[in-house]
Student: 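Sharing a structure, written as structure tokens. Questions coming.
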Amino acid sequence: MSIFSRLRRSLSSPSQADDGAGAGISIDYALNIRGESPAKLTLQRVFEQSRQVVRNNKDATTPPEAPARPTTKGRPRLLLMGQRRSGKSSISSVVFHKLPPNETLFLESTARIQKDSMASFMDFQVWDFPGQIDIFENPNYDMDAIFGEIGALIWVIDAQDDYLEAVTRLNTTILHLQRSYPNINIEVFIHKVDGLSDDYKLDIQRDITIRIQDELSDHGFENAPVTFHLTSIYNHSIFEAFSKVIQKLIPQLGTLEAMLTNLCRTCRFEKAYLFDVLSKIYIATDSAAADMASYEICSDYIDVIIDITEVYGSWPRSDAQRRRIEGEPWNAKVDDQVACPWAESCMVLHDAGRPIMLREVDRYLALVAIMKEDSYDRMPLVNMNVEAVVQGLTEFFDITKPRK
Amino acid sequence: MADAGSYGDGTSNLPLAETKNEVKKPKKKKVLLMGKSGSGKSSMRSIIFSNYIARDTRRLGATIDIDLSHVKFLGNLTLNLWDCGGQEAFMENYLSQQRVHVFSNVGVLIYVFDIESRDVDRDLATYVSILSALLQYSPQARIYILIHKMDLVAPSLREAVYDERVRIVRQKTVEYANSIGYSAADQGAGAADPSGSVVLLEPLSASATTGGSGSSGSGSGVGAAAAATSASTPSSPLEITPFATSIWDQSLYKAWASIIHDLVPNLAAIERNLANLGVAIEAEELLLFERTSFLAVSSWTSEEGQRNPTEDRLERISNIMKHFKQSISRFTGTPRNAEQFVRMEHKAGSRFNLFILKFTTNTYLMVVLPPGEARFNAAMLNCQIAIEHFKFLDGPVTTAAPAHGVGG
Ligand SMILES: Nc1nc2c(ncn2[C@@H]2O[C@H](COP(=O)(O)OP(=O)(O)OP(=O)(O)O)[C@@H](O)[C@H]2O)c(=O)[nH]1
Ligand SMILES: Nc1nc2c(ncn2[C@@H]2O[C@H](COP(=O)(O)OP(=O)(O)O)[C@@H](O)[C@H]2O)c(=O)[nH]1
Ligand SMILES: [Mg+2]
Ligand SMILES: [Mg+2]
């Protein structure tokens, strides 16, 4: 069954569990029974080609492959830290629980570490920390338990507030981590930048960057893995930032990217994204320059499909109805009347007749692409090519999915 | 219709251009949008008719005096929208110097209450003054009460807070009506005119939930709410139709679709044609949307489709599609109010199929179907053929020739 039918765009009240198991979004998806694919041969060709591309392009076009992280048991952990009311719980609710941004006003202050585990293409955990606690001072916290399996530390700074103290605490934290866990990615979210002018945003980012870099080099660390993102829950920037954070944790990202690049060339797509539907994080895209605008429209198209499916795809039809549609004049089982068991969608824009297409890949992922002008007539051909790539992607994730 | 001529002095107060239009296009309905300053009138107007997104309304300044706009809704319905700035000085002016100008020939009054308002008593006093002016010059006008900004109330309290506010407004309304000995039977002018007659609406037919969290078990759909509007009993009390609204969810579309629905001419013909089409293509549901506002003009649902537990689906779809139209506008750089897409198809495996087509010049048609490739293709073809039968939506009722060559 499709992921779209299982989604609700609402808060699935996260529990304040200490073990972090099974809390939050862990929807159990029914498995889809996939028939033999007519495009299987094409698939193998495209898949092989993709591999070749990867092998041949050992140069600039292929980004360095992230080393697999053996310690994470396939469940990388994202830690959300920062000052009180900087927006950590809001971020986690909006990105992982689909809370409408304006409803974050009703969120209460976080008293204990809130652990959510996300069942997705890659199982990962999100830990939302209470603001004021200093874990390095407090002996109740077991450092290894917190940082041992970590994927990334996300430090949230409220850009609309005085951020000096936040930066000081972040510096202390980075120094601690550099000594004991130097591989941890540190992602700084300069947050709540909605309503700030572009100039001001950049000023803040520059200021914070300098303050952190100075402190680090004073202590002899020159190349700490610190990255900065400007974010807000009121637009796509928070999803885009998470996409970049997550992509660093995907082994063999280059292979995925090569497959998408290849698809774009074969089908003459402008841009293609592979989305984690649940979080709307994109886990890979083709090699064409990524721009916020195309990510936004593809991400919004997923919302459209989720919302429409909630309205029309979430209730069972009657037996009488089934008999009716299987009877005269069709005389065929519903499953035989259907061309593709997965969700398949497209919208033709008025502007230059460009279609946007979406195809569900598996229980978690969907491929969304922007096509070149007036290519609606070529949809059947495009669908065949997409089918082939989807098969390739499925195999890819079968291979790379870590065994439990 | 006849309401333009009912009160001799009414039209003479209108600006010149106004007067000319009024004569030529008798179908134009005057819609008054009133309420305290900051209650959200201009915000909702810009969202519904100018495709603003909710966030953008923060940039709106207070409305100075009256902001007049003519909203072409369908070929044969133009709304004459009066967004009346709500600052006290303006309100006093409407009630005194401009009284006749503002309150005559009103088809609909939409009165907006801000749920966050600190001074409810004062709001109600202002409302009663407006009501008195309205009953004096347009006693047959329909009255809609929007309890607005419901998103600011915690979800668990929304229903109770809304019910209480409606109760108070209703009570004030009845008290005032009784004090002037109001009864619908008194309105000679209105009674002669079927489209302008006082309308009895079911109290509280609107749902109180603003459904932001997706759990809205709403009352009646747009169609059902409107179904109650056709009867008019001679000695009925003054009726108001309340809605809980917020610019942050679909509740706004529910209210406005219902208001507009009551104004659309030829409804019976539209509904009949939709039903014929729906049956012919084995559809589960058909929704007809006005193309700019994406408000649902009309709908048809099969017996099977009526089992769908989502009762607020019309306004939900309006909300979904409007949001996406804005995304497209940002992406392509085309104006917000421009036509953003030509068609959409969605096939959800063996669960359902759906498409949305640019239909007549002024409308989009959405078709929900049972699964099946062949059924889908046949339905798409048939809908394209059916456009001919809906061309009357594009022109004034009297104009025989509809626009040709409507290249999608
Ligand atoms: N939270 C919330 N705010 C809203 C809502 N509707 C409008 N607002 C905000 O209320 C403020 C005032 O809105 P306006 O539409 O300008 O108010 P108005 O009624 O036209 O005011 P006047 O023109 O002075 O009469 C804006 O900042 C809007 O963003 C709503 O449903 N919820
Ligand atoms: N303007 C704006 N406000 C935000 C944003 N993110 C969160 N907030 C607000 O910040 C406040 C504190 O958020 P919360 O998540 O409880 O902070 P925490 O203590 O770090 O978990 C809430 O009122 C949120 O609505 C943002 O991106 N922009
Ligand atoms: Mg918190
Ligand atoms: Mg205004």
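Throughout, protein chains are lettered first and strands after them, A, B, ... in sequence-line order, and every chain is numbered starting at 1.
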Student: So for Leu105(A), is it side chain, backbone, both, or neither that comes closer than 4.5 Å to the heavy atoms of chain B?
Tutor: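 Neither part.
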Student: Of the non-hydrogen atoms in Gln321(A) and Pro370(B), which two are nearest, and what is the gap between them?
Tutor: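 Smallest heavy-atom distance, with atoms named: NE2-CG, 3.5 Å.
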Student: Side chain, backbone, both or neither: which part of Ser299(A) has a non-hydrogen atom closer than 4.5 Å to chain B?
Tutor: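 For Ser299(A), neither part sits under 4.5 Å from chain B.
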Student: Just wondering, more than 12 heavy atoms not from Gln306(B) lying within 6.0 Å of its CD?
Tutor: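 Above 12, so yes.
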Student: As an exercise: rank Pro309(B), Ser302(B), Ala54(B) by heavy-atom pairs under 4.5 Å with chain A and give me the winner.
Tutor: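 When all of Pro309(B), Ser302(B), Ala54(B) are compared, Pro309(B) has the most.
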Student: How long is the span from the CG atom in Asn319(B) to the CG atom in Asp307(A), to the nearest 0.5 Å?
Tutor: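 Nearest 0.5 Å value for the CG-CG distance: 8.5 Å.
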Student: Between Ile328(B), Thr310(B), Asn353(B), Asn308(B), which shows the greatest number of heavy-atom pairs under 4.5 Å with chain A?
Tutor: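 The answer is Asn308(B).
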Student: In plain terms, say whether Arg330(B) and Asp300(A) are close enough for a salt bridge, that is, a side-chain N and a carboxylate O under 4.0 Å apart.
Tutor: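 Here Arg330(B) pairs with Asp300(A) in a salt bridge, since their nearest N and O are under 4.0 Å apart.
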Student: Does the side chain of Phe352(B) reach to within under 4.5 Å of the side chain of Val311(A), using non-hydrogen atoms?
Tutor: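 A side-chain contact under 4.5 Å is absent here.
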Student: Looking at Arg343(B), Glu282(B), Gln340(B), Arg55(B), which makes the most heavy-atom pairs under 4.5 Å with chain A?
Tutor: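 Top count of heavy-atom pairs under 4.5 Å with chain A: Arg343(B).
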Student: Against chain B, work out which of Val304(A), Val348(A), Val338(A) has the most heavy-atom pairs shorter than 4.5 Å and name it.
Tutor: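 So the answer, after comparing Val304(A), Val348(A), Val338(A), is Val348(A).
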Student: Check whether any side-chain heavy atom of Met347(A) lies under 4.5 Å from a side-chain heavy atom of Phe341(B), and answer yes or no.
Tutor: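 Yes, side chains in contact.
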Student: If you compare all heavy atoms of Val342(B) against all heavy atoms of Leu349(A), which two are closest, and at what distance to 0.1 Å?
Tutor: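 Taking every non-hydrogen atom into account, CG2-O, 3.9 Å.
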Student: If you take all heavy atoms of Val334(A) and Ser350(B), which pair is closest and at what distance?
Tutor: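 Closest pair (atom of Val334(A), atom of Ser350(B), distance): CG1-CB, 3.9 Å.
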Student: Heavy-atom distance under 4.5 Å between the side chains of Thr309(A) and His346(B), does that happen here?
Tutor: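 Thr309(A) reaches His346(B) side chain to side chain.
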Student: To the nearest 0.5 Å, what is the distance between CD on Glu345(B) and CD on Glu344(A)?
Tutor: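 Glu345(B) CD to Glu344(A) CD: 9.5 Å, rounded to 0.5 Å.
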Student: Of the backbone (N, CA, C, O) and the side chain (C-beta and beyond), which part of Arg307(B) lies under 4.5 Å from a heavy atom of chain A, both, or neither?
Tutor: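 Contact with chain A: backbone and side chain both.
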Student: Measuring heavy-atom distances to chain A, does Glu285(B) have an atom under 4.5 Å in its side chain, in its backbone, in both, or in neither?
Tutor: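 For Glu285(B), the side chain is the part near chain A, not the backbone.
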Student: Does Arg375(B) qualify as a cation-pi partner of Trp330(A), given the criterion of NZ or CZ under 6.0 Å from the six-membered ring centre and within 45 degrees of its axis?
Tutor: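 Satisfied, under 6.0 Å and within 45°.
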Student: Once rounded to the nearest 0.5 Å, what's the spacing between atom CZ of Arg354(A) and atom CZ of Phe331(B)?
Tutor: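 Those atoms lie 4.5 Å apart.
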Student: So Tyr312(A) and Arg351(B), do their side chains get closer than 4.5 Å, heavy atoms only?
Tutor: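 They are not in contact (no side-chain heavy atoms under 4.5 Å apart), so the answer is no.
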Student: Would you mind telling me which of Pro355(A), Ala339(A), Ala332(A) has the largest number of heavy-atom pairs within less than 4.5 Å of chain B?
Tutor: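 Between Pro355(A), Ala339(A), Ala332(A), the count favours Ala339(A).
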Student: Looking at Ile325(A) and Pro371(B), what are the two nearest heavy atoms and their distance?
Tutor: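 Residues Ile325(A) and Pro371(B), closest heavy atoms: CD1-CD, 4.1 Å.
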Student: Answer yes or no: is there an ion pair linking Glu284(B) with Arg317(A), defined by an N-O contact shorter than 4.0 Å?
Tutor: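 Counted as a salt bridge, because a side-chain N and a carboxylate O are separated by less than 4.0 Å.
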Student: Which heavy atom in Met344(B) sits nearest to a heavy atom in Ser345(A), and how many Å separate them?
Tutor: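 Taking Met344(B) first and Ser345(A) second, the nearest heavy atoms are CE-OG, 4.2 Å.
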Student: If you draw a 6.0 Å radius around CZ in Phe106(A), do more than 12 non-hydrogen atoms from other residues or ligands fall strictly inside?
Tutor: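 Buried by this count: over 12 neighbours within 6.0 Å.
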Student: Might you point out which heavy atoms bring Trp315(A) and Glu304(B) nearest each other, and give the distance in Å?
Tutor: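 Answer, listing the atom of Trp315(A) first, then Glu304(B): CH2-O, 3.2 Å.
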Student: Identify which part of Tyr301(A) has an atom lying under 4.5 Å from any heavy atom of chain B, answering side chain, backbone, both or neither.
Tutor: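 Both backbone and side chain.
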Student: Quick one: what part of Leu152(B) sits under 4.5 Å from any heavy atom of chain A, side chain, backbone, both or neither?
Tutor: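 Just the backbone, heavy atoms under 4.5 Å.
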